[in-house]
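Report on the structure given below.
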Amino acid sequence: MKSVFKFVFLFFSLTTLAKAQTPDISPDHEMKRIAYSAKDGIEVFAEASNGEWCKDILSLKIFAQDDTTFKQKPLNALMTKVAFVINSKCPSAQQALVDGYNENSLVYQGSAFKQSNWKTEKGTLKVKIRQLQTAAVNADKEKNDSSEKKWTTPTNSKRIVAYIDKQSALEQRIYSKNKSCSILYTTDKPAEKVKNWFISVGRNSCADNLIYGRAEVSVFNEKGNLERTLDGYFTEGRFTGRKNLNVVLLNRYGVNKNQQNLSYLIDSDTDLGIHYIGFLKSTRNPRTGHYSAWAGCSPFTIAAVTENEELFLENTVTNNILRAAESFADIFCYGETDMKFFATTVPRGVPGMDMPENSKNNATDNIIYSAVLKRKPGKKWTVVSDKTQNLARLRENTRKAEDLREHQLMMADYNELTKSDYLGRLAYMIGADRIDNFPAMLTACAVIQKPVRVNMLVKIESLGLDKAWVNWPADILVTQTSGLLNSTGWFIVSGKLRLMTPEEKKQNKVDPLTRTGVLELTSAANCEQDACSEVGDLIGLIRKRHDKPEWQPYHDPDLKKEEE
Amino acid sequence: MTKSMWLAVSVLILLFTACGFFMVLLQKDEEQKNIHYFLTGNRLNHAVSYQDVSLSFSDSFILKNVAVQFYSFPKFQNETAKFILHDYTETNGIPSHLSFSIKEASFSLMDLARTMKKSDEDVIDTLASFDPAADILNHPLYALLLSGCDHVSADINGKYDYFPASKKMTLKAGFSDKCLGKWEAEISFNNISIAQQKQLPLMLKHFLIKGSPLTDIKNFLKEASVSSLFFSYTETGLIQGYKHYIDTLYLRQPNTPSPAELSNQNIREIISYLSFSNAHRQRNTETAQTLASFIKAPKKITFQSKQGKEVPLHILRGTFLRRLTDLLLRLDTSVSISQ
């Protein structure tokens, strides 16, 4: 036990909270190294913001020189050590996203939970859900201190100048007399006329020549007559009425003369590759010819723009994305009871989203999923209708892509195995790096005076109570066999090999001068034939490993012979 | 004899015995001083320790319970029950003859491996990827351990003869251990100058106190030539142990040929290797087949060079194995096995 603590101490005594940046991590994400082992070639980083990595849901990135680190057992062993750091430095953490990198490539995604002692669970689905929960938690925090005035654009998002579609956007810039201030005014009046219009500004000082925030602006026409008074909030010079929107505007365009559009960036989820986009509309009053203030509520329309269509194949992921959208509705349109959600591959031009429902601009191919949500005041949102479009095609594409990838992997295995020897094939059969030689590993045990983890082909001669005897390749005692070994014969066994102690030699009537070992069993794979000679059937071996009984390699020489 | 005569004789015997006893004590004291001066003078006093020193009736000089501390492996434990210097002669101040024997030189090969290891990972990696052919020369210690030899308790003998006038030197050594087997070797050098001869004790001394005798070996063998070579090995379990390791490495099944034994393909490879040194195909074939027979049923193998041959060492090129092969073939060495 002492040695365990010693090892843990050694492992983490070198731990420093030095800042470290790795090449494939976005520079927006600050990373703090929380643990490392030079001996094992492992570094553990936690994602941080403003220098603080400790939060409710941690985002850990593990860089290992050896990709076997991300196998379940070594990873859990590693996490028990990382848990020392988390529990001591960040006791408030409850969950962690775990990304594993080998040679700078993402090779593992999983999550870990405090309640299960930080044991990892593999799988991208859970990771995605957790990531979405992270977003929801962040959004909830913003919601709690919530008034519109306090809300600001997401941190780290770069300022984007809205792209103005000059063909369809009916927009003119009108300056104050001294040219120090201006607004972007929606009107269908001719530009020649409007260029002689001017504004007077009250209760505001301009920034960058445009009005932001609360202001009272009087618009005068070319004759000097008061055209209109705009009393309320402005975003980048555009009048939003009573709504103070401090957002990043993306696109300014019109559908026709009567509907003018603005889109703005709500948030970007870099992990999932989703941009959340909101829409503002300004409609023409046919009676007065004036356009309304820009409005994005009633209903609140939000689009999740992504190229990761596969996200919406999973209901749980879709629901979590909807939860994120609901939280954005609370932020941008607090108290609103109607919402329209679109998952699309394009940020504009979708019927019902920013185009009229009956629009001829048919971009339905770009819709992945859409939903109408409603709620009663103070209640939760419910989906009253939703539409999944193109999901069948998506599923088929995904399946084909997965099949292709698996086939490529299997072909790679096939090509590799044709060059490997018998031991290499045995190792492949059980998914190990190598099959070990007993005398060599026993010698290693004796030299380093520690147990060594091994995978060996053995022949079990007899079984006992929680133990067994091997008679090939040598006489070896196997312990902890309950539930793993229930018959004699050929097996590939894995476990910790150590030297047999003098007491054990006496108990088991082994010559005291003989150097032999004890294998503490952790897993055993039963051979179908003597010495697992079934590995001679290469295709069968690969089929079994990938669970694809029908698989055929492209260039199978055996099959060619059969055909001939 | 009268009573007084008996008394006188008894007193005389007693006096002689006392004198003899004091002489032995004085001589022992003298020998201890000599040893001490020798070790101190050669700065070996920290490297060699012993428990007792004595002189036998045959004038052999005996050190008991000797331990040697090696510079490169300071923690390496070893013990020698007896070191006996049988004979030592100098001609004009130059050592011309020396013979010695060592009884029960004991040390653990496992301890030596532990002392020499770099890291645990290195040990595991080296042994996991051990090549049973090539790594005999790269990691000879592991090869011995894999053969099952953990501990050595050997009897060793050595003989040195040097003829300054003819610049000839002969070295002979024997080694016998329960696991490592019985080894005998004898080599004769020509063209060893007095200056070169002096490198030999320096080589031993530097090995003990500096760890690296390479320069001394080079200086010693510079311009030397080998005129005769004899080597024999008698199996006691070393080869069989190594064969067992190879059998397990290549998953040998019961009642199948051992993969450790040389196949026809291996024999052809050896012949081909030998042919690069000497094109005598028939002799090369015989040598390879003799080696194969020995590996199949190891008992005793002998290498004996032909008389009248002489090979200057500086003409040998290549790796250690290539140089050794060249040397053996140039000396027309015959290989024979005895059952």
Side-chain angles (χ1 to χ4, degrees), chain A residues 7 37-41 65-66 421-427 432-459 461 470-476 490 492 496-497 499 511 513-517 527 529-533 535-536, chain B residues 73 75-76 108-132 135-136 138-153 178-179 237-238 240-256 258-260:
Chain A
F7 175 71
S37 165
K39 195 182 92 179
D40 296 319
Q65 287 173 3
D66 183 357
D421 59 9
Y422 194 80
L423 289 171
R425 292 181 184 192
L426 286 179
D433 286 342
R434 63 173 190 240
I435 296 293
D436 295 298
N437 173 254
F438 174 69
M441 288 299 102
L442 196 65
T443 303
C445 285
V447 174
I448 67 174
Q449 296 173 291
K450 284 177 195 164
V452 174
R453 185 163 289 283
V454 295
N455 309 298
M456 294 191 301
L457 175 68
V458 298
K459 190 177 181 187
E461 185 191 28
V470 165
N471 66 348
W472 191 96
D475 290 335
I476 309 167
W490 290 92
I492 302 177
K496 277 186 174 178
L497 181 69
L499 290 170
D511 177 6
L513 296 175
T514 307
R515 191 191 340 143
T516 191
C527 298
Q529 296 170 20
D530 277 1
C532 284
S533 56
V535 296
Chain B
F73 316 112
K75 289 181 182 172
F76 174 51
S108 164
L109 290 173
M110 195 61 81
D111 282 348
L112 186 59
R114 284 170 192 152
T115 311
M116 291 171 75
K117 81 179 166 92
K118 289 175 191 162
S119 66
D120 291 354
E121 289 74 20
D122 182 61
V123 173
I124 294 168
D125 289 348
T126 305
L127 284 164
S129 57
F130 196 84
D131 181 330
D135 283 340
I136 290 179
N138 298 331
H139 305 284
L141 184 56
Y142 286 158
L144 296 177
L145 291 172
L146 289 170
S147 303
C149 295
D150 288 1
H151 192 266
V152 174
S153 179
K178 196 177 172 185
C179 188
L238 180 67
Q240 289 291 9
Y242 201 61
K243 279 176 72 177
H244 175 68
Y245 156 65
I246 295 172
D247 288 347
T248 62
L249 185 66
Y250 295 114
L251 311 178
R252 183 192 179 193
Q253 302 297 304
N255 305 319
T256 56
S258 169

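Because only heavy atoms are used, hydrogens play no part in the values below, and waters and symmetry mates are left out as well, while side chains stay in. Every chain is numbered from 1 and lettered A, B, ... according to where its sequence line falls, protein lines coming before strand lines. Predicted model only: the values in this text are computed from it and were never measured.
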What one should report as the nearest heavy-atom pair of A/V535 and A/Y422 is CG2-CE1, 3.6 Å
Closest non-hydrogen atoms of B/F130 and B/L249, given as atom of the first, atom of the second and distance, are O-CD2, 4.3 Å
Side-chain heavy-atom pair A/V470, A/M456 within 4.5 angstrom cut-off: no
Under 4.5 Å to a heavy atom of chain B? For A/V452 that would be side chain
Taken in chain and number order and not counting sequence neighbours, the residues that satisfy side chain to side chain contact (heavy atoms under 4.5 Å, CB included) with B/D150 are A/R515, B/M110, B/L145
Okay, A/K459 and chain B: the region with an atom under 4.5 Å from a heavy atom over there is neither
Given A/C445, A/A440, A/A531, the one with more heavy-atom pairs under 4.5 angstrom with chain B than any other is A/A440
Taken in chain and number order and not counting sequence neighbours, the residues that satisfy side chain to side chain contact (heavy atoms under 4.5 Å, CB included) with A/D511 are A/L513, A/T514
Bottom line for A/L423: the part with an atom under 4.5 Å from chain B's heavy atoms is side chain
Of A/R434, A/Q449, A/K450, the largest count of non-hydrogen pairs under 4.5 angstrom with chain B goes to A/Q449
If one checks every heavy atom of B/H244 against chain A at 4.5 Å, the contacting part turns out to be side chain
